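Here is the structure we will look at.
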Amino acid sequence: MIAQWLFYGFATLAVLGALGLILFQHPMNGAMCFIVTLISLAGLYALLSASLLFALQLIVYAGAIMSLILFIIMFLNIQATDLPEEKGRWTFLFGGILVIAPIGLFLLKVVKTLPQGETSIIGQDFGGVKKVGMVLFQDWLLPFEIVSILLLVALVGAVVLAGKKEMAS
Amino acid sequence: MTCDIVPLLPLGIVGFGAIILMLLAAFEKIHLEVAAVFSMGVFALAFVMQLLPAGPDNLAPYTALFHGMLVTNEFTKVAALIILACGFFTAMSSTSYFRLNSFCTLEFYCLMIFATFGMLLLTMAHELITVFISLEIVSLSIYVLVGYNRKSVTSAEAVLKYLMLGAFAGAFFTMGAALIYGAVKSTGFEAIASFIAAKGLVQSPALLAGVFFILFALMFKIAAFPFHAWVVDVYDGASVPVTGFMATALKTAIFAVLANFLILDVGLKDFWLDGLFYITVFTLFAGNLIAIGQNSLKRMLAASGIVHTGYLLIAVIAVSSNTISGHIILFYLAAYAASTLGIFAALSYLGGKDEQRSTFDDFKGLAKVRPYSAAAITIFLLSMAGIPPTAGFMGKLYIITTAFQAGQTTLAVLGIVSSILSMWYYLRLIISMYFHEATDPFEIVGSPFAPVCTLILAACVFAISLFPIAI
Amino acid sequence: MFEHVLSTMIFLPILVGLVLLLLPASQGAARGTGLVASGIILILGIRLYFGFSGAGGMEFSEIRDLLPSLGISYNLGVDGISLFVLLTGAVLYPLVFLVMTNQSKGCYANLLITQGAMAGAICAGDLVLFYIFWELMLLPIFFMIGIYGGPKRLPATIKIMLYTVAGSLLMLAAIIYLGVVYHTQFGEWSFSAAKLAGLELHGGAAVLAFTGFMLAFAIKIPLFPLHTWLPDAYTEAPPATTFVLSAIMAKIGVYAVIRYVIPTFEAEFARYALLLACSGVIGMIYCGIAAIGQKDIKRLLAFSSASHMGILALGVFCMNIQALTGTIFQIVAHATSTGVLFLFAGMLEERMQTRNIEELGGIARQAPIFAFFFAVALLASVGLPGTSGFIGEFLIILGAVKFHTAIGVLAGTTLIIGVCYMLWMFQRVFFEKTNDRTAGFKDLTGIEALAFLPVILLILIMGIYPQPFIAKIEPAAKEQIAFVRPAAQVANYPVLEKGHVPEQK
Amino acid sequence: MILDYLVLSIVLFCLGILGVISRRNVFTVFMSIELMLNAANLAFIALSRLHESMDGQVLAMLVMAVAAAEAALALAVVILLHKHTGKLDTNVFSLLKG
Amino acid sequence: MEQSAAYLGLIPLLPLAGATIIGLLHLSSCQTCKLSERTYGILACIAPILTFLFAIKVFLDLHGLPVEARQISYQAFTWFKVGELDIAMGFFADPLSSLMLLFVTFTASLIHIYSIGYMAGDQTFGKFFAYLNLFLGMMLILVLGNGPVVMFVGWEGVGLCSYLLISYYSEDRANVLAGNKAFIVNRIGDLGFVLGMAFLFWAIGGSGFDYISLKANAHLLSSTTISLVCLLLFLGATGKSAQIPLYVWLPDAMAGPTPVSALIHAATMVTAGVYMVARFSFLYSLVPTVGLIVAWTGILTALVSAIYGMYQDDIKKVLAYSTVSQLGYMFAGVGLAAYSAGIFHVFTHAFFKALLFLGAGSVIYALHHEQNIWKMGGLRTKLPITYWTMLIGALALAGCPPFSGFFSKDEILYLALATGNPGIWLIGVLVAGMTAYYTFRMIFLVFHGSPRDQGLFDHAHEAPTVMTVPLIILAVGALFAGVLNLPAIFGGGQVVSHWLAPSLAELHPEASHETEILAIGASVVAFFIGITIAYRKFGSGAEVPVFTGFASFAYHTFRINELYDLLLVRPYKAIGSAIEYFFEPQVTDGPVQLTTWFYRAAGTVFKLLQVGYVRIYAIYMVIGLSLMSLLLSQSLK
């Protein structure tokens, strides 16, 4: 039962955070809300017996990525005048809801057809570092390897795009 | 085990090449053209390696290690050849371009090779997350390439549009993969195929929805209607060699995935026929209608790229795994790649400093001053328009034949109609080049690479059309 | 060399043309090369004529596989029909190089390419091959009009190109459709015209495919109301191009209907023959009347050409041996007469710097030989007995009367309509008083006169003693008619029965 | 029960889409995309729990890595854009059109 | 049965060869050395004279044959043969064609000779004779052709030659226009001829399309077919022989040199229609109704043109209308199935009309190309030979007994009465009187009275011998030709009719002597009335009249030309311009332009959709996705 209540709590937080993200004018506020969402999600992962992912979500997402984003927001020193006016924001929001509704309803219809299952915590280190690590390095070696290439590309790319390196004249 | 290495050799060469170049980039003394030649060498070597006999069909190298996430066969092999050739010619023509436009650094080639690496992976990938990661490798490299000219606002705008929409579509891809995982309990193509064979697609809405989202992401990348709007702006904002590379190599890679996913391995196609039909028709016409209004060559070519996507989609709809196989798609891709790259190669040395010549009017009278270049461009345009005896004609012949054979008469006829419509803007450039007096001297500065490249590609246009006759 | 005579006739000019395009050459050298090349073709053509047995069926065939996976073959051959269309080009082409001295190098090269492509389209026995040549012959025309044409050439070029490409691409769809149907019916791929003729086609798809073919050819011929590209293109094109367009290329449209449409779509052809024949007749009258409203000599000739093409096309749709033979004969006859007229108009334009009929006059007095030749060609074009034009027109009208009385009667009006504008034009250009402009007109030189003489003689010979030609045409025409006759009877289309000829008592 | 998680995932996903199409602020847009990826991750993990296989978790991990890479690049682009105009408005960047 | 005679082919070939040789000589020498007129003249006269000799040979050969077998033919080569259509280039002579042949070559020879004098000093002397020879050659093909198609060659050929010769003085636009008119009007008739041939062919032509086979198979035809064919052929005849409604070209044809007029009116061209109807007598005799149409058309033409003739002031126009009028008689004759009478009138008419035209030419020559009779007068003394010969011609034309015209015309009028067509007869008599009036009006005005233009008169002089000799010969012919067919009532044997009988399918109506006498009497009375009025008014000089009312209307030929212009020519040209300026750019090209416009407009719309805002692009994508998911969820159920 506690898990149930926890789920609802986290879910509400996550949705509120997401709403905050898309409603707040200033990205800083949005980012803070988004962090709430991310942390709630981490909680949900824990509820789903994904302990490693719980940790990663907190460290990588809420920690690394979000602090990067926040850092950049601060770094750019965004003033209110830099922000877009977004006068028609509400029109777009409600229009957007109308447009998105079919997609959401379709997805809901779809997931209802999936088999139901319990969410109680599974023991035996399910979702733990060791087991997930075994799966990752045995079954998913190739994706894991190429992710490294991806990160390399991102690295080089970020350097090229944002770097201070003088351009060859 | 020994022969497993052969099909992966090109991949390895390209990967290593990229990393070596990345390391070399640290040394400031290395000249740009050296890097260009180096990357041409990498592509050429990989190309040659790719030609080596690769053993049995549908070989999954290192199955124990990779769990069948990579599969090579004749189809992937040819697709890889096209991609490598595109890379080679882009590198070749870019040297002239960067004589005139000075924003390049060594990382440019490095990223290009990385992108090629991703594309090669894409052709072989047989698992959704592998596809996703490969796609991201390709996309990320190309995002950077698009925005490479940091001084240019349009370039930045292009990368913004591409990155934002690309990531948006990528999110759908992951959601789709999640849904498929939910339905099938796996994301491997083989598992999906056997799941469908056992249960049927309609019985599992989650799978259906997952495939739907994944198709959307792929359709976005090939710019099918209504996901095409970005392509014109992005092509316009990117520098000429990048545009050429994107238009050809990337399209080839995505179509390889599409073919693998829809037809060859998973056999999902039949359910989507109706939907694809409408998408194809709209893609054909939207592309044409956008193209006629354009004044800029790059935008026109981008829009015509949408039309070619339409043709390729006809082929995707029409080919079935048991008859003529996916080679029609590849043939058309090769034909299209040769002509598109050719035009971009020509643009890269005719465009002038900072791409000052970009509209139809800027090329008025080119034939009077540079007859050979104009002739080559004409050949490329005619090939794109599908006029015999160019490669484009053979490609269209194959596609229309297959469409008729598959009973898609309407689609075949609409394809032809769109071909008629496309004459309008292809002819417009020819008319500009030939039927007006020259006002611009069209002086050529830069290395002879790009002109030579143009010439080779012009020859390729005919060679590709003669290729099926030769064998 | 002679076993590959057709290939030679196709590829020699194309290659020479391409080489000329690629290499820097002076205008004179280009003209000389063209003359030599077309001369060789002419010699080959004459040998072809005398080597042709005329027994019916294809001769000088060359067949080899081109693309076995789709059954596309390199299939050439001539029969009594194609022989004459082919020879028309071969005979007339050297004239262009002899007479048109002021064209530029590119124009000569393009002319050669066109010649080869046209020969290919005429000889092709494989539909895909035919399509390739068909498109190929348009390209040089496009460039010639666009680069070397008159002041309003741009719209004219775009129009002709889009119009004809639209037609031919739809034909491509139809061709491929036929190939696929053949594959499903016989289990093998083939695009050979002879094999496709054996297809059983039914229903709406067959009609659509038929439409695809007919559109392409109707645009090229051009049949009313698809002729609107013609006046502009003919007027704006350089003289040599106009000549090629009117004298040879338009005929290939008619020829292609006979060669490719009749055998394959016998039922559809029989069903729509009446409609198409009406279109031919209406076009003849419409363009004929339009010609009288013209002030530009080339435009007048363009409309006249369109008018005659209406009659020519009509001959095909009448589906009897007289009309069909007449059509094929008329293809040659009209090519020679109109060709000469356009060449002369081109010479007038070159020498007088005007095409306005009102600004000319009295040339007969200045240049009697020129006027005489012009008159002969003109008379042939209005179908005066004793010239080549009569035989064809007479046979077509005869056939048309059998096909449908009303159409026959209307077709007969060509006798009147043609003569009206032609005489009016002749009067304004050649008669009346000379003015400052025409006073300087020089008559044909000896060489020019000698160059035209064979064609003029041909016009007369074909009028006076046409039987040798007809004897070679008739067997082939019979073969084509044989396709239609059973179809028309079996399907019980009211076509052959409907010949409103007074029945015998 | 799993359904609840999936529904939440869908809600978040749709909110992400909404963010992308209704906002002009570059940061918000990129974070909305991250939100969508997170929604997908939630689905992965929920389904992993459903199937009681850890593949889903691994997949989520890989997606996270990709998201990180993407974020890095996105931020680089933001910096680039900011350098050019000092604005974060996507509508400012509409030089290429027509 | 038939005799083959290769020389038949030679007859048309000779003038054609002559034309070719002269033409080539002319063309090759026109720039540099001019050949002398004498050379051309001699060259030109060889062919007609030789053909005349051949014509005599034909006649003799035929004469030597038994009456029923009087046919000789020669088939040169297969002209064209397609399916059942088998046309030979063949020539054929029977009594009818031999008679035609005789007088055609005879008058043509004389006209050739005369032309040497008349055309002296012309710039393009050679060209003229080339045309003349060609004209003769075409006429001979027309006469000798063994079937309708070969006849059509000559038929169109004479049309062409008339065009060339009428517009001979091509510097003047009016002349060329006259030539155009002749050709075009003839072409209208030719359409009838061609269609007639086509119908005939599809009815019975399959088993041979020459006269002999057609005649043999004519019984297979239904009467509707025959009527149709005959009417169509008659349309051809009206064009060639200048009958209502296609006579308008003939008066304008006077624009050509006078010998040409003589050639057209006397020997060639206009008689072709009558000849053709006679040639097809085996068809016309089967459908009397059509014959009546022909006859009435003829006699009305005769009446109308006689009215015109009374008011003309151009000497050649008077003669031209008289020709039209006489042709009307001929058609009345052949229409009433009195073919031999019609042909006989052709025969006599050839003499006197050639004579009159050549005489008129002589006058014009003398007066330096003055053709207005109101500027002449009193020329009797200056041009005696011309006067006397023309007088003979005029008397013959006016039908004064015993001149040739009297007999031939009277024969027709008698037969009109005999076949029970008093209307035709009555008009015929009236026209006879009018003929006498306008003929002698001309004679009086030209030769009698006092000179009206002293300057012209003073310079007038008689023509050279080369011109007067033909006049005299023709005068003899005009005087005595009638004797050949003297009817029984005058004790004659109707030689011509009997000679022609095997060729023609003639009806021989029985009529009483009283009828015959009545006919003769009426004609004679009419003649005298006509000549008397003419003498009263013009015998001793008259002033230029001012035409008012009906006279003005008739002087302007009932404004028929203007009417045709208004009804046919102007609408035709107007439609031509309308097509060029309205239909072609707006209507026929309309769908094309509309398509292009639509295409461009759609292009603009799509261009506008490319707004450039990335968010909007995302919205497009989402809308697309949303619609598709809507459809998908429908299909899920």
Side-chain angles (χ1 to χ4, degrees), chain A residues 7 11 14-15 18-19 21-22 27 30-31 34 37-38 41 44-45 48-50 52-53 56 60-61 65 68-69 72-73 76 78 82-84 86 89 92-93 96-97 100 103-104 107-108 111-112 116-119 122 126-127 131-132 135-136 139-140 143 147 150-151 154 157-158 161-162, chain D residues 1-8 10-19 21-25 27-28 31-32 34-35 38 41-42 45-50 52 54-55 57-58 60-62 64-73 75-80 82 86-92:
Chain A
F7 168 74
V15 173
L19 280 174
L21 167 67
I22 60 173
F34 188 38
T37 306
L38 291 177
L41 282 177
L44 290 174
Y45 294 168
L48 286 166
S49 335
L52 177 62
L53 264 293
L56 284 179
V60 176
Y61 247 118
I65 299 180
L68 188 64
I69 290 177
I72 299 293
I73 294 175
L76 293 180
I78 291 166
D82 293 347
L83 294 173
E86 308 202 56
R89 187 156 49 123
F92 273 96
L93 271 173
I97 290 169
I100 295 163
I103 303 177
L107 279 174
L108 285 178
V111 292
K112 272 186 197 147
Q116 282 307 310
E118 280 303 306
T119 51
I122 304 174
F126 181 83
K131 282 253 172 120
V132 175
V135 176
L136 178 62
D139 295 354
W140 299 92
V147 159
L150 175 69
L151 293 171
L161 283 186
Chain D
M1 284 307 288
I2 292 291
L3 187 63
D4 297 341
Y5 286 89
L6 292 175
V7 170
L8 175 62
I10 289 164
V11 169
L12 292 177
F13 191 74
C14 290
L15 285 173
I17 303 177
L18 194 59
I21 65 174
S22 65
R23 296 298 305 268
R24 278 158 58 182
N25 190 308
F27 274 110
T28 315
M31 282 190 283
S32 299
E34 294 290 334
L35 179 61
N38 272 292
N41 271 357
L42 179 60
I45 291 163
L47 291 165
S48 146
R49 172 66 189 81
L50 175 71
E52 299 189 7
M54 276 169 291
D55 289 346
Q57 299 187 7
V58 173
M61 237 161 79
L62 293 169
M64 242 181 234
V66 174
E70 226 165 46
L73 211 60
L75 290 171
V77 169
V78 170
I79 291 171
L80 184 66
H82 192 262
K87 298 275 185 195
L88 296 172
D89 185 355
T90 55
N91 275 16
V92 167

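The shown structure was predicted, so the numbers you read here are calculated from the model rather than taken from an experiment. Throughout, a chain's letter reflects where its sequence line sits, starting with A, and its residues are numbered from 1.
Heavy atoms closer than 4.5 Å to chain D are found in the side chain of A:L41, but not in its backbone. Contact annotation for A:V147: only side-chain heavy atoms (C-beta onward) come within less than 4.5 Å of a heavy atom of chain D. Contacts of D:E52 with chain A are made by both backbone and side-chain atoms, with heavy-atom separations under 4.5 Å. In this structure, the portions of D:A68 lying under 4.5 Å from any heavy atom of chain A include both its backbone and its side chain. Heavy-atom distances place both the backbone and the side chain of A:S49 under 4.5 Å from chain D. With a 4.5 Å cut-off on non-hydrogen atoms, D:L88 touches chain A through its backbone and its side chain both. Residue A:I73 touches chain D through both its backbone and its side chain, counting heavy-atom pairs closer than 4.5 Å. Using a 4.5 Å cut-off between heavy atoms, D:L8 contacts chain A through its side chain alone, with no backbone atom that close. When heavy atoms are compared at a cutoff of 4.5 Å, D:F13 approaches chain A solely by way of its side chain, counted from C-beta outward. Looking at D:S48, both its backbone and its side chain come within 4.5 Å of chain A, counting heavy atoms on both sides.
Rounding to the nearest 0.5 Å gives a distance of 7.5 Å between CZ of D:R23 and CG of A:L93. Separation of atoms CD1 (A:I65) and CD (D:E70) is listed at 10.0 Å; rounding is to 0.5 Å. One distance of note links CG of A:L108 with CD1 of A:I103; it measures 12.0 Å at 0.5 Å rounding. Remark: A:K131 NZ to A:L52 CG distance equals 13.5 Å, nearest 0.5 Å. We find the CD1-CG distance between A:I22 and D:L18 to be 4.0 Å, quoted to the nearest 0.5 Å.
One side chain, A:Y61 or D:E34, offers a donor N or O that lies under 3.5 Å from an acceptor on the other.
With respect to chain A, the highest number of heavy-atom pairs below 4.5 Å among D:T90, D:L73, D:N25, D:N41 belongs to D:N25. Considering only heavy-atom pairs separated by less than 4.5 Å from chain A, the leading option among D:I21, D:L6, D:D55, D:V78 is D:D55. In terms of heavy-atom pairs under 4.5 Å with chain A, the best-connected choice from D:L50, D:V11, D:V66, D:V7 is D:L50. Chosen from D:N38, D:L42, D:L12, the residue pairing most often with chain A at heavy-atom distances under 4.5 Å is D:N38. Per-residue heavy-atom pair counts under 4.5 Å with chain A were compared for D:L80, D:L75, D:T28, D:I79, and the maximum is reached by D:L75.
Contact of the A:I72 side chain with the A:L76 side chain is registered, since non-hydrogen atoms from C-beta on lie closer than 4.5 Å. Contact of the D:M54 side chain with the A:W140 side chain is not registered, since no non-hydrogen atoms from C-beta on lie closer than 4.5 Å. With contacts defined as side-chain heavy-atom distances shorter than 4.5 Å, the pair A:L21/A:T37 does not qualify.
Summarising the geometry of A:G104 relative to D:I10, their closest heavy-atom pair is O-CG2, 4.1 Å, with the distance given to 0.1 Å.
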